[in-house]
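All values below come from the heavy atoms of this structure, side chains included, with hydrogens, waters and symmetry mates left out.
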Amino acid sequence: MNVKKQNFFTKSGTKILIQSEWSGDAENIFLKNRNLEDVDQEKFFEPKISDLHDPFLMPDMRPAVKRILEAIDRNERIVVFGDYDVDGVSATALVVRFLANELNAQISYRLPHRAKDGYGLKEYFFDELAEKNVKLVITVDCGTRDIKPIRHAKKLGIDVIVTDHHAVPNEIPTEVIGILNPKRTDKNYPFPSLAGAGVAFKLIHAILLSESEFEGKIEKILTKYIDFASLGTVSDCMPLVDENRVITTLGLKQMKNSESAGLRKYLEWHENIEWNADIIGFQIGPRINASGRMDTPITALRWLLASENRCDEFLEEIEKLNADRREVVENFTKTALENVDLQKPILFFLNKDLEHGLIGLVAGKLTESYNRVSIVLCEHHEADGSLSYVASCRAPEWCNIMEILDDSKDFLIRYGGHKQAAGFSVSPENFEIIQSRMIAKFYEIYGTGELPVPTIRVESILPPNEATLKLLESIEKFRPFGIGNPKPFWLFDEVEITEVQTLGSEKKHIKIFTKQHPSLPIIMWNGAENEEFQIGKTISLIIWLDKNIWNEKISLQAFIKEICYKQ
C-alpha cells in the first residue's frame, strides 16, 4: 500500500495526513511519526527527576538563588508576582509553598486582575509593595518585557528576579538580579520550551542544590512540587517532550498525593489520572482559568494553597465561575462567528461588552472554526484613565502571530506572547492602522493565495482486525499525550456498518459495529443525528482507541473523531 496516494478529507475540507504505512509495529510507527527514533528510549518511557537538566545552565540562575537565600537569612519580605492564567497561578503556588514550607521564608503573593491591571508588572504595584517594606519580588510567568516598572522598582529599593518563558525582545530589563528565561539567546539553555511553571520549578531545583541541608532529599522534595509545575506545562500548551515530559509524567503521578488539599480532594474519584494529561487540559485548567477570567485569580490560588477544611469553599466558587464562563463564551462566540469578515486572512472582532477575561476563548473558537488568525478585542481603561482596546490573538499551527505583531509594535501600547497565542493593547485611533498593517504583513509572509488547508494527522490506515488490546498497550506506553506528542488517531478505511445503537438519556450519542471488527464498539459523541450511520453503509472513519472497564473486565472500544471521504 502506498499511503501517499491515499487522499482523504473531511466534509469541511480538512485534509487527512497519513503519516506512515501500517507495519504491524505500532511502537516503531509512533517513534517515527514523532521524530523520536534517536531519543534515549529509557528516558522517554521511564522519565525520572535525574533526567532534568542542570538548572544552573539557565542564565542568571546563580545570582537569583544567592539573592533569595540572602533575603531569607535577613528575614526580608519576599513577594511572588504571578499572572492570572493557569501557568501563572500554578507557578505562584509552587514558589510560595516551597519557600514557606522548605525555607520558612517570609513570603506572600500578588496576582494582577485581568481587567483592572492587565498582564505583567506595573509601576503602581511596586509603589504598594514599597509601602509594605517588601525588599524582593520574584516574578513568575511574566516580567521579560517590563523594563519601565522594573526600573521604577530599583529606584524604590526593591530587587527583582524575573522568571518567565515568553518571547524575549531585543531589549530586556537590566536593572534586575536576574532574568531566568530559557528563550534567552545570549546563553543557550538546552530546552527552551518550558512553561512559566517549569521555569519556577527550575528555580526551586537550583535552590535545593545550593543548600547542603537538602543533600540526599532533593528528588523527594522536587516530587512534592512537580504536580504544580505540570499544571502550567499542560495548560499553556507546551510540547510534552524533554523536560516537559518529565514534569508532566511525574506531576500526574504525584497529583493524588498532592501537597495541595484542594487538588488532591478534587481528584479523589478520578481513575487513571497518572497518564492522562487531559485531566489538566479539560478539567483542572479551565476551572483555574475561570477564576481569573470571570473574577479574580486569587480564588484559584487560594484553592491550590488552602488547608483541608477550606479548599471546598474555594472550589465551590470556582465551579460556579466556570459554569458562568461556559454560558457567556458560547453566546459571544455565536455572535463572532456570524460577524467576522471571512474575505480577510485575519479575523478581527471588537465587542465593547465582552469581558477582558473571555476574549482569548472567543478568539480560540474563531481560529478553530475558520483556520485563520483571529483577534478579539474589548474596551479597557488604562491606569491613566485613557481608553484602549485590549486584544487576544490566536493563530493556526502554520502561522507565527508574533512575527506579525513585531511589525506593528510602534503602534501598540504593549504586546507579547507566543507563536500561536499572543495579546496586545492599542489606542482606538490606531485600531484601523493596526488592522491594515497586520494584514499587509500577513500577505508579505504567507502570500495572497489560498490559506493552508487544516490537517488532521493520523498514524496510519489501520486494518480494523489489528485494533486489539495489545495495540492499546503499545499506545499507552507513549502517554501522557499533548503538544509535541499528540494523541494517536487511526483511519479505518471503508468499514461496513452492521449495527447502530443510540446512547444516553437524550439519545444524542451513537454506537456502531462493523463487519470488519464485529466485537469492537465504535462510539461518536453527539453523532445520533448524522445520516451517515446506516446499517449496510460503507464508511471511512478517523478514530482513537481506548479501554472500557466494566465489572473489573477490560475491553477495547473506539471513538470517532471525524467521518472522512476519498477524493
Original post:
For the side chain to side chain contact (heavy atoms under 4.5 Å, CB included) test, which of I288, V199, V234, D141 pairs with D87?
Top reply: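 Single pass found, and it is D141.
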Cation-pi check for [Y] against [X]: NZ or CZ below 6.0 Å from the six-membered ring centre and within 45 degrees of the axis, yes or no?
{"X": "R245", "Y": "F44", "answer": "yes"}
{"X": "K487", "Y": "F481", "answer": "no"}
{"X": "R264", "Y": "Y266", "answer": "no"}
{"X": "R414", "Y": "Y119", "answer": "no"}

Original post:
Are I49 and I226 close enough that some pair of their side-chain heavy atoms sits under 4.5 Å apart?
Top reply: yes
Do we see a donor-acceptor contact under 3.5 Å between the side chains of [X] and [Y]?
{"X": "N322", "Y": "R325", "result": "yes"}
{"X": "S230", "Y": "D227", "result": "no"}
{"X": "R394", "Y": "S374", "result": "no"}
{"X": "K183", "Y": "Y189", "result": "no"}

Subject >> Pair Y225 + F201: ring centers closer than 6.0 Å >> reply: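 Centroid distance Y225-F201: not below 6.0 Å, so no.
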Subject >> Centroid-centroid distance, H205 to F98, less than 6.0 Å >> reply: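 No: the rings miss the under 6.0 Å criterion.
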